[in-house]
2 protein chains.
Amino acid sequence: MSESKRQKLSSGSSHTPIYHLIYWPDIPGRGEFVRLAFEAAGTAYLDVSNASSAGVKPVLSLISDKHVGDDVGNPPIFAPPALKIVDGKGEGKDLLIHQTPNILAYLGERLGLIGEEEGDKYHVSQVALTALDLCDECHDTHHPVSVVKYYAEQKEEALKKAEDFRASRIPKFFGYFERVLKSNESEAKGKYLVGSKLTYADTTVWQVVNGVSYAFPKEVEARKKDYPLLFETFYPGIQEEKGIKQYLASDRRLSYSDGIFRHYPELDQQ
Amino acid sequence: MSESKRQKLSSGSSHTPIYHLIYWPDIPGRGEFVRLAFEAAGTAYLDVSNASSAGVKPVLSLISDKHVGDDVGNPPIFAPPALKIVDGKGEGKDLLIHQTPNILAYLGERLGLIGEEEGDKYHVSQVALTALDLCDECHDTHHPVSVVKYYAEQKEEALKKAEDFRASRIPKFFGYFERVLKSNESEAKGKYLVGSKLTYADTTVWQVVNGVSYAFPKEVEARKKDYPLLFETFYPGIQEEKGIKQYLASDRRLSYSDGIFRHYPELDQQ
């Protein structure tokens with residue numbers, strides 16, 4: 001394996017990865033929340049469809065509607081991302097799980113990204129779940145009627161949905177993140193959402209804010225001043241965290257295109 | 001406290017509930033997923049807005065956009081349901097958490113609703129999360145553009161969204177639940193989704209199927225035959241489970257009305 005390949009499949013460690021991320025190739029998408037957790041923790045993982053020759057095949061085979069589970073008792077997968085943990089069930093049996101918040105809860109516990117105090121892990125989970133709801137709603141701005149139809153077929157509805165998203169949903173979610181940072185200010189001075197060190201709530205909120213800013217640059221620019229902890233302390237701070245900074249500068253960080261976060265100028269503030 | 005009040009606030013136990021469910025009064029909504037977990041386990045809980053004179057006030061105060069957390073370190077709440085666990089942080093400090101899947105993960109572990117084998121709890125979580133996604137999508141059929149506008153203001157878009165939901169989303173989700181039951185058939189013969197005993201994946205999927213059947217009775221009736229494990233074994237079996245059966249026959253089980261699951265005949269199969 002060439003050096004560049006190895007760089008691409010791991011986040012720095014030279015150990016054989018036991019974590020296999022199975023997600024669509026070439027887009028950040030919901031896989032990005034999982035990648036950021038690995039990269040923040042400096043834990044090796046194999047990004048199957050981007051770092052091996054398998055391409056999209058493992059994803060398609062996993063989500064086939066003929067799939068009724070594997071022979072070691074893992075149930076079928078509804079949608080990617082999925083995470084395979086080699087020997088995760090013991091005795092050489094792999095554990096296979098899906099649903100982004102579920103994968104993050106699994107990894108958070110193992111990679112040290114759930115805080116330290118009693119109750120922290122549930123606060124981390126609730127903030128991440130809320131950020132993932134915002135991710136879903138951002139997706140729905142360009143696909144408000146049907147995920148199986150093209151944007152062009154639902155553009156009229158998308159214009160209405162995006163108007164509502166910009167006017168009421170962005171401030172509702174960003175305002176919540178700001179208040180969470182405020183509530184934790186004595187612990188983290190705006191740097192982290194829960195407790196005094198990095199958690200997957202931070203990486204997940206950072207990624208959603210990054211994606212929404214890509215999709216709606218004018219709207220976000222106009223509103224930034226209302227959320228000073230979020231935009232002046234938290235957001236720039238997270239992207240300077242060691243693992244995140246290295247990752248964002250690497251070619252493992254994929255560009256946005258036709259995934260969840262899309263930039264259609266007509267949907268943004270005019 | 002009168003006998004009927006006590007019946008209403010607990011699920012049978014006479015112990016003082018340490019679990020306080022904070023959710024909108026008078027509708028099942030997302031609170032129902034939490035209620036079903038308590039009822040299935042026979043664990044006492046206080047349904048604050050339905051079983052005390054406080055009404056909607058505790059919900060409104062919790063989700064106020066002025067709320068920046070409490071004085072024992074619980075961050076603010078984005079939306080109900082929330083769960084207060086009396087002395088959940090120890091030393092008399094209550095733990096306060098929100099997000100339905102997060103509350104279910106917390107309770108599942110404590111009420112014995114996450115299966116038995118290594119990995120079960122993550123399979124339970126992923127199936128419940130997927131059912132909750134279906135719940136969100138069902139909500140969006142009557143509010144596809146904006147949650148702050150009335151149905152009548154987005155009826156045209158709702159007709160399109162509901163058509164897509166009936167044609168492609170119901171079969172996609174129901175087909176997945178059927179395949180999960182199939183994958184677990186040697187363990188549970190179609191009675192349970194994960195492992196060989198009741199989990200919160202079962203109560204959550206049951207409630208979503210119940211709600212979607214209420215909202216789209218003709219569509220679901222026409223499709224039932226395609227999902228024999230789901231409709232002939234799983235669904236009737238779960239509602240015969242001891243705690244669930246008693247609950248469904250009680251006045252604690254609220255009727256559907258203008259919540260997430262709504263029946264608009266024009267959105268159903270014609």
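Worth knowing before you read on, the calculation uses all heavy atoms, side chains too, and leaves out hydrogens, waters and symmetry mates. Nothing here was measured: the structure is a model prediction, and the numbers come from that model. Letters A, B, ... are given to chains in the order of the sequence lines, protein chains preceding strands, and every chain is numbered from 1.
- Enclosure of atom CD in A/E266 by more than 12 non-hydrogen atoms of other residues, nucleotides or ligands within 6.0 angstrom is indicated.
- Considering only heavy atoms from C-beta on, A/Q126 comes within 4.5 Å of B/P75 through its side chain.
- Here the CD-CD distance, from B/E157 to A/Q154, works out to 12.0 Å after rounding to the nearest 0.5 Å.
- Around atom CD of A/E156, no more than 12 heavy atoms belonging to other residues, nucleotides or ligands sit under 6.0 Å away.
- When the candidates B/E187, B/R110, B/K149 are compared by the number of heavy-atom contacts under 4.5 Å with chain A, B/R110 comes out ahead.
- The number of heavy-atom neighbours closer than 6.0 Å to CD of A/E163, taken from other residues, nucleotides and ligands shown, is 12 or below.
- For chain B, the option among A/H67, A/E185, A/K89, A/K66 with the highest count of heavy-atom pairs below 4.5 Å is A/H67.
- No more than 12 heavy atoms of other residues, nucleotides or ligands lie within 6.0 Å of CD in B/E91, so this atom counts as exposed by the packing criterion.
- Heavy-atom pairs under 4.5 Å with chain A peak, among B/T141, B/I77, B/I103, B/D120, at B/I77.
- Put simply, of B/E137, B/H98, B/K182, B/K121, the one with the most heavy-atom pairs under 4.5 Å next to chain A is B/H98.
- Counting heavy-atom pairs under 4.5 Å between each of A/V127, A/L193, A/L96, A/T100 and chain B puts A/L96 at the top.
- If you measure heavy-atom distances from A/L129 to chain B, the contacts under 4.5 Å come from both the backbone and the side chain.
- For A/N102, the parts lying under 4.5 angstrom from a heavy atom of chain B are both the backbone and the side chain.
- When all heavy atoms of A/S183 and B/P76 are compared, the pair lying nearest together is OG-CD, 3.5 Å.
- With a 4.5 angstrom heavy-atom cutoff, B/S168 touches chain A only via side-chain atoms.
- Looking at B/D133, only its side chain comes within 4.5 Å of chain A, counting heavy atoms on both sides.
- For A/D140, the part sitting under 4.5 Å from any heavy atom of chain B is the side chain, from C-beta outward, and nothing else.
- Judged by distance alone, the side chains of B/T130 and A/Q99 do bring a donor and an acceptor atom under 3.5 Å apart.
- Scanning all heavy atoms of the two residues, the minimum distance from B/D164 to A/V147 falls at OD2-N, 4.5 Å.
- Residue with the most contacts toward chain B among A/E178, A/H123, A/K161: A/H123 (heavy-atom pairs, distance under 4.5 Å).
- Using a 4.5 Å cut-off between heavy atoms, A/K172 touches chain B through backbone and side chain atoms alike.
- With respect to chain B, the highest number of heavy-atom pairs below 4.5 Å among A/I85, A/L181, A/N74 belongs to A/N74.
- Between the OH atom of A/Y176 and the CZ atom of B/F78 there is a distance of 8.0 Å, given to the nearest 0.5 Å.
- Counting heavy-atom pairs under 4.5 Å between each of B/G88, B/P144, B/A128, B/A167 and chain A puts B/P144 at the top.
- Heavy atoms closer than 4.5 Å to chain B are found in both the backbone and the side chain of A/F173.
- Ranked by heavy-atom pairs shorter than 4.5 Å toward chain B, the options A/D65, A/V180, A/L95 are led by A/D65.
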